[in-house]
Structure formats: structure tokens, C-alpha cells
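Report on one structure; see the data block that follows.
This structure is a prediction, so every number in the text was calculated from the model and none was measured. We name chains A, B, ... by the order of the sequence lines, and we start the count at 1 in each one.
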There are 2 protein chains.
Amino acid sequence: MPPRSYVSPARSAATAETRERVIEAASRTLREGESIARFSLDTVAKAAGVTRLTVYNQFGSRRGLLEAVFDEIARHGGLHQLADAMTMADPRAALDRMVEIFCAFWSRDSAVGRLHDAMATDPEFAEAVRERNERRRRGVTGLIDRIAAKQASPQARKDAVDLIFALTSYPTFASLSAAGRSRDEVCRVVQTACHAALQPLTLSNPSS
Amino acid sequence: MPPRSYVSPARSAATAETRERVIEAASRTLREGESIARFSLDTVAKAAGVTRLTVYNQFGSRRGLLEAVFDEIARHGGLHQLADAMTMADPRAALDRMVEIFCAFWSRDSAVGRLHDAMATDPEFAEAVRERNERRRRGVTGLIDRIAAKQASPQARKDAVDLIFALTSYPTFASLSAAGRSRDEVCRVVQTACHAALQPLTLSNPSS
DNA sequence: AGATTGAATATACATTATGTATATCTAATT
DNA sequence: AATTAGATATACATAATGTATATTCAATCT
């Protein structure tokens with residue numbers, strides 16, 4: 001006799017609520033903790049009012065939980081505004097807006113810093129985060145293609161893309177923030193640096 | 001009766017040799033390992049042909065060993081050339097040279113990447129590395145002071161210093177390298193970006 | 001109403017690390 | 001010959017991830 005399986009609205013809702021509570025507890029723990037080293041599933045489970053095994057049930061592993069937290073932060077981090085930014089008529093203005101959006105994203109929730117720390121100890125999680133960052137790279141590439149003069153070399157374009165990609169990364173944001181800047185001040189510095197990175201693409205004489 | 005203590009040349013030499021062997025084994029393990037997570041004192045001790053307790057005897061802790069490895073790499077990483085670079089007549093040429101020296105340093109031994117990963121899980125080790133990086137910041141600050149026009153605002157100077165500090169950091173080097181560049185190509189990109197960062201310091205009209 | 005299902009729990013265990021404590025061994029030195 | 005310091009042997013405490021098994025309990029199906 002085949003087992004009769006069913007879907008339960010009330011059950012699913014309860015499960016989803018548990019998931020949310022655990023993710024919330026995890027990001028809070030990341031935010032308030034001193035270091036990713038102290039981030040344990042035990043702590044998270046207790047903070048969420050569930051058992052450690054429930055965390056495993058829901059997320060499979062520590063890595064699974066971290067990925068879920070990252071995605072949750074991304075969902076509420078304002079990255080959806082990128083779509084609008086990319087369709088702006090002026091690609092330079094779009095780039096400025098993109099920098100704004102990412103500075104806001106990196107600064108919104110300090111848990112993202114801890115998640116970047118987690119990349120150091122978990123190569124597969126690092127890969128997952130890098131994949132999510134590829135969207136940013138594609139965005140930059142698209143803008144550079146619109147900004148670059150026709151005679152700009154592929155190498156010059158690649159240089160600009162990679163440099164701007166690095167300038168808009170979390171580590172750069174963190175480094176500039178650590179030097180005692182507000183989010184808006186960091187944003188301004190990064191924007192200026194990105195403008196400078198565009199220079200070689202528009203000069204009519206690209207002789208080095 | 002007070003214990004009669006003594007220094008032993010042969011003993012000291014043997015100890016120093018042990019220390020060196022452990023540090024060598026540790027940096028090799030860092031270089032060859034996939035992740036800092038797999039870096040354990042057990043592994044290092046076995047690779048060095050000593051006991052784990054000997055490592056504790058010599059370095060006190062995992063952190064102590066990591067710091068010793070970092071210092072060893074720094075000692076042989078060519079950073080001593082910085083002294084000459086800083087005394088160059090042309091501060092812009094000095095900055096170019098500085099970028100060269102650091103690109104060489106970051107790329108010389110892949111263990112430095114793993115040591116930067118270790119910063120994520122050990123706040124005190126991170127602090128120790130940051131202190132060692134402060135030398136780079138001071139170098140940049142000195143050069144900027146020589147390059148900046150008199151009318152350049154303190155804010156513009158600080159912007160340039162912090163940006164160049166970020167551009168010459170390991171994370172930036174790693175990001176540009178990951179995009180498929182040789183050490184020299186990364187060096188060229190960083191140098192160009194640093195030149196651009198100097199622009200606002202020399203324009204006679206620094207109106208924002 | 002009674003059987004069944006699935007999420008959450010309880011309990012236990014294996015494994016891997018760091019770090020501490022104590023006693024012993026051994027070669028260098030007095 | 002006694003002593004000293006570095007290295008070792010052995011044991012233990014603690015914390016963390018991950019797996020396994022059985023159980024509780026409310027929601028759902030027949």
C-alpha cells in the first residue's frame with residue numbers, strides 16, 4: 001500500500017514561521033556576535049526557541065542556514081532597485097546609482113560583514129556568495145559596454161569592469177568605512193573612483 | 001636554594017631550528033590546504049615531525065603560530081625595499097614602486113591569502129595583521145603629503161589616502177587576480193587607479 | 001473516530017579542534 | 001653526577017558539527 005501523502009496548509013504555515021524565526025535569530029546572532037567563530041547552531045537554536053536538530057531539519061547544515069540568511073538579507077536589502085537603475089538613460093548616472101544601491105546594501109545589515117567572514121572558512125559557501133555577486137559584475141559589464149567609446153579596446157573595458165567590481169565590493173566598502181566614514185561619504189569616494197576608472201574608456205587617444 | 005639557570009648555545013640552536021621547521025611546515029600547510037578551516041595544529045605538527053604540544057610550547061596558541069608565519073613571510077617578502085622607495089625624489093614614482101612592492105608581496109606566497117582568511121575567525125589575529133598594515137597606510141600618507149598641492153583640503157587628502165590604502169590591500173589584489181590577471185597586469189591596473197586617485201589633489205580648482 | 005503523516009523533540013553518539021595539566025624522557029650544561 | 005630546558009606521552013575538559021534512532025503531538029485523511 002502506497003503511503004498517502006498530503007499537504008497541510010496549517011502545517012506548512014507553521015513550518016514557514018519556524019524557518020523565519022530561525023533565520024531572524026541567526027541574523028541577529030551574526031549582527032550582535034563579535035566574530036563568525038562564535039556563531040554556532042546551538043546559539044541560534046536557543047535564540048529562536050527551537051532545538052538544534054530543528055535547524056538541521058530546515059537548513060540541512062550550517063552552510064544551508066548561512067545561505068538562507070544571505071538570501072533573506074538580499075531580499076530586503078534594496079537590490080531590486082538595480083533593475084530600475086540599469087534602465088536609466090544615462091549609463092554614468094546608472095553607475096552612480098548602482099554604487100549608491102550597493103553602499104546601502106553593504107551598510108544596511110552588519111550581518112553581511114559576518115557572512116563575508118564566513119566565506120573564509122567555508123569554500124562552498126564562498127562559492128555561493130561569489131555566484132550571487134556575479135550579478136553585480138554583469139551589471140557593471142553592461143554599463144561599461146554602454147559607456148565605452150567604440151575605439152576602446154577590450155582590455156580597457158575589462159580593466160574598467162574588474163576595477164569597478166572591486167571598488168563596489170564589500171571589502172572595499174568595509175575598508176573605507178573602517179577609516180571613519182559614514183555610508184554616504186564612502187559612497188561619494190567610491191563614485192569618484194568609479195568615474196576615474198571610466199577615463200581610459202573615453203579618451204580619444206588611448207595610448208598608454 | 002635558587003635554581004641555577006643557564007643559557008645553552010646548542011639548546012638554543014636546536015630550539016630555533018625546531019621553530020623554523022614548524023613555521024615552514026605551517027606555511028606549507030597553509031599554501032597547500034584548501035581552506036583555513038582545515039588548518040589544524042595537528043596537521044602542522046605532523047608535517048614538522050614534532051608533537052602538537054611542541055607547537056604550543058613554541059608559539060603558545062594557534063594565533064601565535066599564525067602571527068609567526070605572517071612575520072616570517074613579511075621578512076622574506078621584499079617589504080624592506082619600501083624604505084628605498086619612500087626616499088625616491090619623485091613621490092609619484094615612489095607610489096608606483098610601492099604598488100609594485102605590495103603586488104609582489106601579495107603574490108609571492110599564497111599563504112598570505114590564507115592568513116587573511118584567518119582574520120575572519122580570530123579577531124585578535126585580525127587586529128595584529130591590521131597593525132602590520134598600518135605601516136602601509138603611513139607610507140601612503142607620507143607620499144600623499146608630498147604629492148598634494150598646498151590648497152588641497154584635508155578631506156581630499158584623507159580620501160586619497162584611504163582609497164589608495166584600499167586599492168593596495170590584499171582583498172583588492174585578490175579580486176583583480178581572480179579576474180584572470182597576472183601579477184604584473186594587476187600591478188598596472190592598481191597603479192593606474194592610484195594615479196586617478198591623485199587627480200583631485202592637484203587640480204587647482206577643487207570645487208566639489 | 002481512528003489511523004496516519006510530518007515537523008519538532010529527546011537522547012545518544014562519532015568526530016574533530018583547541019587548549020590545559022601532569023609526569024616523563026633526554027641531551028646539554030654546570 | 002646533579003640539574004636544567006625542551007620535547008614528549010598521556011589524559012582531560014570543552015565546544016562544535018553532523019548523524020542516527022525513537023518519540024511526541026497536532027493536522028489531515030478515510
Check your understanding: Whole-Å distance between C:dA28 C1' and B:E17 CD?
Key -> 16 Å
Check your understanding: On the ring face of A:F102, is A:R136 found with NZ or CZ under 6.0 Å from the centre and within 45° of the axis?
Key -> yes
Check your understanding: To the nearest angstrom, how far is A:E124 atom CD from D:dG18 atom C1'?
Key -> 15 Å
Point to revise | Whether over 12 other heavy atoms sit under 6.0 Å from A:E124 CD | key: no
Point to revise | Shortest non-hydrogen contact between B:F59 and B:L65, atoms and distance | key: CB-N, 3.6 Å
Practice item. Report the distance from atom CG of B:L65 to atom P of C:dT18, rounded to the nearest whole Å. Key: 10 Å
Revision key, fill the gap. Whole-Å distance, A:R38 CZ to D:dT17 P, equals 14 Å
Exercise for review: Counting heavy atoms from C-beta on, name the nucleotide in C:dA10, D:dT8, D:dG6 closest to the side chain of B:T51.
Suggested key: D:dT8
Check your understanding: In whole Å, what is the span from the CG atom of B:L53 to the C1' atom of C:dC25?
Key -> 14 Å
Practice item. Establish, with yes or no, whether the OP1 or OP2 oxygen of D:dT17 is under 4.0 angstrom from a side-chain nitrogen or oxygen of A:S61. Key: no
Practice item. Look at the side chain of B:T172 and the backbone N and O of B:T168, then say whether any donor-acceptor pair between them is shorter than 3.5 Å. Key: no
Check your understanding: How bent is the helix from C:dA1-D:dT30 to C:dT30-D:dA1, comparing axes over its five end pairs at each side, to the nearest 10°?
Key -> 10°
Point to revise | Nucleotide D:dG18, atom C1' - distance to CD of A:Q58 in whole Å | key: 17 Å
Review point. Below 4.0 angstrom from OP1 or OP2 of C:dA8, is there any side-chain N or O of A:T54?
Key: no
Exercise for review: Determine the minimum heavy-atom distance between A:P91 and A:A89, stating which atoms define it.
Suggested key: CD-O, 3.2 Å
Check your understanding: If you check the B:T15 side chain, which of C:dA8, D:dT8, D:dG6 turns out closest?
Key -> D:dG6
Practice item. Looking only at side-chain atoms of B:Y56, point me to the closest of D:dT21, C:dA17, C:dT20. Key: C:dT20
Practice item. Could you please name the option among C:dA21, C:dA10, D:dG18 that lies closest to any side-chain atom of A:R62? Key: D:dG18
Check your understanding: For A:Q58, does its backbone N or O pair with a side-chain atom of A:R19 as donor and acceptor, under 3.5 Å?
Key -> yes
Review point. Which pair of heavy atoms, one from A:R146 and one from A:M88, lies closest together, and at what distance?
Key: NH2-O, 2.8 Å
Practice item. Mind calculating the distance between CZ (A:R63) and P (D:dG18) to the nearest angstrom? Key: 8 Å
Check your understanding: Under 4.0 Å: is that the gap between some side-chain N or O of A:S40 and OP1 or OP2 of D:dA15?
Key -> no
Review point. Taking atom C1' of C:dT18 as reference, at what distance in whole Å does atom CG of B:L66 sit?
Key: 13 Å
Practice item. Report the residue (B:A10 or B:D42) whose heavy-atom-nearest nucleotide on DNA chain C is the more 5′ of the two. Key: B:D42
Check your understanding: Is A:R52 side chain donor-acceptor paired with the D:dG18 base, going by distance under 3.5 Å alone?
Key -> yes
Practice item. Go through the N and O atoms of the side chain of B:R11 and the base of C:dA27, and report whether any donor-acceptor pair is under 3.5 Å. Key: yes
Review point. Which heavy-atom pair separates B:S61 from B:Y56 by the least distance, and what is that distance?
Key: CA-CE2, 4.0 Å
Practice item. For A:L41 and for B:N57, locate the closest nucleotide of DNA chain D by heavy-atom distance; then report the residue assigned to the nucleotide nearer the 5' terminus. Key: B:N57
